[in-house]
Amino acid sequence: MPEGYVVHADARRFAEALAGRVVRAASPQGRFASGAAVLDGRVLREAQAFGKHLFLRFSGSADGARYLHVHLGLIGAWTWWDAGRAQTAGRPLLAAGDSGVRLRLTGAGGVSAELRGATVCELVDEHAVDTVVAALGPDPIRADSDEDGSRAWRRVRGSRTPIGTLLLDQSVVAGAGLIWRCEAPFLAAVSPHRPGRELGEQEWATLWRELRRIMRAAVDHRPEEFSLFRRGGEPCLRCGTPIEVARLGGRPVWWCPRDQPR
DNA sequence: CTCACATGTTAAG
DNA sequence: TTAACCTGTGAGC
């Protein structure tokens, strides 16, 4: 389920609900038992998201492995509980229980977060965090990212790769996934099939501006519907032309052949 | 019960 | 380009 906006929303929730507090950590499923034992009883100091990567900084010596690094992959998710009630919006409520819970973090107030299905769940030091972040392109959601899109543009402008594929490359733009690689080109009236090098600078500026706007909005309000995503064959909301779907870079892409000519 | 599928990434062919 | 991996859900038999 998770693109970058989901990870940013989780980071915000960690910051609001658990930061500054002693946290109990457990791994009922057992696959992160040693890491949970290390974290148990520490204070969560900070929560940050870079693209689809979540980093939780815990109390501990500066040169130690005090960061929890999580990447949800395709099916991972955090489920939030408050006083026994599931709080995860937009997703069917899970029954309470330990099934599949690789890590449960519980604050003194009773709020807890359960991690299931993640691709990455590990304890790392600051240097490892820097290495991961350094490999990422600018994250449109972060305030400290590429304001005008010029950094990402340097990767796009000379590339023969389709823009719809470049948007999925985390070293070009961090945090976008299948949804935004379709929605943003639609809003910018750019075909996802066009090579990066064939985009005009103004088209890229529009695309980047729209990316930032819709990804940031999604952090605040989890979107339920999209203009194109998974709407193959349905009429385009703008012009009524049937939305097309194909595979691009091995994964599906949707576009309006009229509003986004090649 | 089994199977396909999910907003992702990596490694192998 | 394909397969494998992480886990839960819903459709179909």
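Each chain gets a letter, A, B and so on, in the order its sequence line appears, and its residues count up from 1.
- We find that CH2 of W78(A) is positioned 15 Å from P of dG8(C), with the value rounded to whole Å.
- Taking atom CG on L72(A) and atom C1' on dA6(B), their separation rounds to 13 Å, with Å as the unit.
- Of the residues Q29(A), R104(A), R102(A), the one that meets the side chain to side chain donor-acceptor pair (under 3.5 Å) test with E114(A) is R104(A).
- For the OP1/OP2 pair of dG8(C) and a distance below 4.0 Å, the side-chain nitrogens and oxygens of R116(A) include at least one atom meeting the criterion.
- A cation-pi contact, defined as under 6.0 Å to the ring centre and within 45° of the axis, links R142(A) to F50(A).
- Ionic pairing of D139(A) and R216(A) is not present here: no N-O contact between side-chain nitrogen and carboxylate oxygen is shorter than 4.0 angstrom.
- Annotation: dA3(C) and dA4(B) have their C1' atoms spaced 16 Å apart (nearest Å).
- Rounded to an integer number of Å, the gap from F226(A) CZ to dA6(B) C1' is 13 Å.
- In the set dT9(B), dA6(B), dT7(C), dT7(C) carries the atom at the smallest distance from any side-chain atom of R31(A).
- At the heavy-atom level, Q29(A) lies under 4.0 Å from the strands shown only through sugar-phosphate atoms.
- The distance from atom NZ of K52(A) to atom C1' of dC6(C) is 15 Å, rounded to the nearest whole Å.
- For the pair E122(A) CD and dT9(B) C1', the computed distance is 14 Å after rounding to whole Å.
- For the pair F229(A) CZ and dG8(B) C1', the interatomic distance rounds to 12 Å; values are reported in whole Å.
- Contact annotation for G100(A): backbone-only contact, meaning every heavy-atom pair under 4.0 Å involves sugar-phosphate atoms and none involves a base.
- Rounded to an integer number of Å, the gap from I75(A) CD1 to dC3(B) C1' is 15 Å.
- Using cut-offs of 30° and 60° for the angle between ring planes, the W204(A) and W153(A) rings count as parallel.
- A sub-4.0 Å separation between OP1 or OP2 of dG8(B) and a side-chain N or O of H71(A) is absent.
- Across all strands, R251(A) comes closer than 4.0 Å to base atoms (heavy-atom distances).
- Contacts of L178(A) with the nucleic acid, taken as non-hydrogen atoms under 4.0 Å apart, involve only primed sugar atoms and P, OP1 or OP2.
- What separates CG of L74(A) from P of dC5(C) is a distance of 15 Å, to the nearest Å.
- Taking the side chain of S99(A) as heavy atoms from C-beta on, and the options dG8(C), dT7(C), dG8(B), the nearest nucleotide is dG8(C).
- As judged by a 4.0 angstrom heavy-atom cut-off over every strand, G177(A) is placed among residues touching the sugar-phosphate backbone only.
- Aromatic ring pairs are classed by plane angle as parallel below 30°, tilted from 30° to 60° and perpendicular above 60°; the pair H71(A) and H53(A) is perpendicular.
- dT9(B) and dT9(C) are spaced 23 Å apart, taking the P atom of each and rounding to whole Å.
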